[in-house]
Amino acid sequence: GENVEQHPSTLSVQEGDSAVIKCTYSDSASNYFPWYKQELGKGPQLIIDIRSNVGEKKDQRIAVTLNKTAKHFSLHITETQPEDSAVYFCAASPSNDYKLSFGAGTTVTVRA
Amino acid sequence: DAGVTQSPTHLIKTRGQQVTLRCSPKSGHDTVSWYQQALGQGPQFIFQYYEEEERQRGNFPDRFSGHQFPNYSSELNVNALLLGDSALYLCASSPGGLNTEAFFGQGTRLTVV
């Protein structure tokens, strides 16, 4: 099955700086890659996703890039704000699979 | 438009007991998936229900079972609870099909003592 690895496990950035989280996946059939943000005591919230026919997608301060050849994808948050502090999860899903396989998460702390 | 709702939010059970968790999907969604999230880890897929049938199952024992009702709401049942079943149980709804956007509820925090 699909195996997703996520790095780093923790990330501390100064407010206004950028944050980058990287994930690798194992199944070359994976074609859907969502990112979730989970705040304390809440369920994961979908913040952006990308499909394998696209190399990059941007939504305001958030962008995701995908390298199918290397089987890795990344989340970029620019101009970080204190409300960006949360745990972020990447996930992947093969074209013939209904489930999402998640990474272990990255705890992002934005220092004021 | 209500999002995904789960009940209860917290639950404490004794080892060996049985538990039922409930989920109402987002309006317009007909597919419900259940995930288990242990502390400090990513969610792990338990199973998915579509058209009142279990469509796909993850690597969980038969103690975990589910049901989907005609109104698309769903239940997760866990029998013979173990201490290791303590976790956040998440329900995700989606519009069906492969690789569609999944929206999660706030989860049910289950503690087994």
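Chain A is the first sequence line, chain B the second, and so forth, proteins listed ahead of strands; every chain is numbered from 1. Owing to the predicted nature of the structure, the values given are computational and were not obtained by experimental measurement.
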So, the part of B:Gln41 with a heavy atom under 4.5 Å from chain A: the answer is backbone
Heavy-atom contact with chain A under 4.5 Å, split by part of B:Phe47: neither
May I ask you to check whether over 12 heavy atoms, not counting those of A:Asn96, lie within 6.0 Å of atom CG? yes
Under 4.5 Å from any heavy atom of chain A, what part of B:Ala92 do you find: side chain, backbone, both or neither? neither
If one checks every heavy atom of B:Arg55 against chain A at 4.5 Å, the contacting part turns out to be side chain
State yes or no: do B:Val32 and B:Leu76 share one hydrophobic cluster built from I, L, V, M, F, W and Y residues joined by side-chain heavy-atom distances below 4.5 Å, directly or via other members? yes
Any side-chain heavy atom of A:Tyr98 sitting closer than 4.5 Å to one from B:Tyr50? no
Check whether any side-chain N or O of A:Tyr36 sits under 3.5 Å from a backbone N or O of B:Phe104 as a donor-acceptor pair, and report yes or no. no
Partner chain A: residue of B:Pro43, B:Gly107, B:Gly42 with the largest heavy-atom pair count (under 4.5 Å): B:Pro43
Hey, any chance B:Phe45 and B:Leu88 share a hydrophobic cluster, counting ILVMFWY side chains that come within less than 4.5 Å of each other, even indirectly? yes
Can you tell me if A:Lys22 has over 12 outside heavy atoms packed within less than 6.0 Å of its NZ? no
CD of A:Gln60: more than 12 outside heavy atoms within 6.0 angstrom? no
When every non-hydrogen atom of A:Asp97 is compared with those of B:Asn99, the smallest separation belongs to O-ND2, 3.7 Å
Taking B:Phe103 as the starting point, is it possible to reach A:Leu100 by hopping between hydrophobic residues whose side chains are less than 4.5 Å apart? yes
By a 4.5 Å heavy-atom criterion (distance strictly below it), what part of A:Gln6 contacts chain B: side chain, backbone, both, or neither? neither
For A:Pro34, is it the side chain, the backbone, both, or neither that has a heavy atom closer than 4.5 Å to a heavy atom of chain B? neither
Let me know if B:Leu90 has heavy atoms under 4.5 Å from chain A in its side chain, its backbone, both or neither. side chain
In short, A:Ser95 meets B:Leu98 closest at the heavy-atom pair O-CD1, 3.1 Å
Counting only heavy atoms not in B:Gln56, do more than 12 fall under 6.0 Å of its CD? yes
Got more than 12 heavy atoms from elsewhere within 6.0 Å of CG, B:Leu83? yes
Hydrophobic cluster membership, with links at side-chain heavy-atom distances under 4.5 Å among I/L/V/M/F/W/Y: are A:Tyr88 and A:Leu46 in one? no
So for A:Lys99, is it side chain, backbone, both, or neither that comes closer than 4.5 Å to the heavy atoms of chain B? both
Answer with side chain, backbone, both or neither: which region of B:Thr100 has an atom nearer than 4.5 Å to a non-hydrogen atom of chain A? backbone
Determine, using the 4.5 Å side-chain heavy-atom cutoff (strictly less than), whether B:Leu21 and B:Phe69 are members of one ILVMFWY cluster. no
Region of B:Gln44 in contact with chain A, defined by heavy-atom distances below 4.5 Å: neither
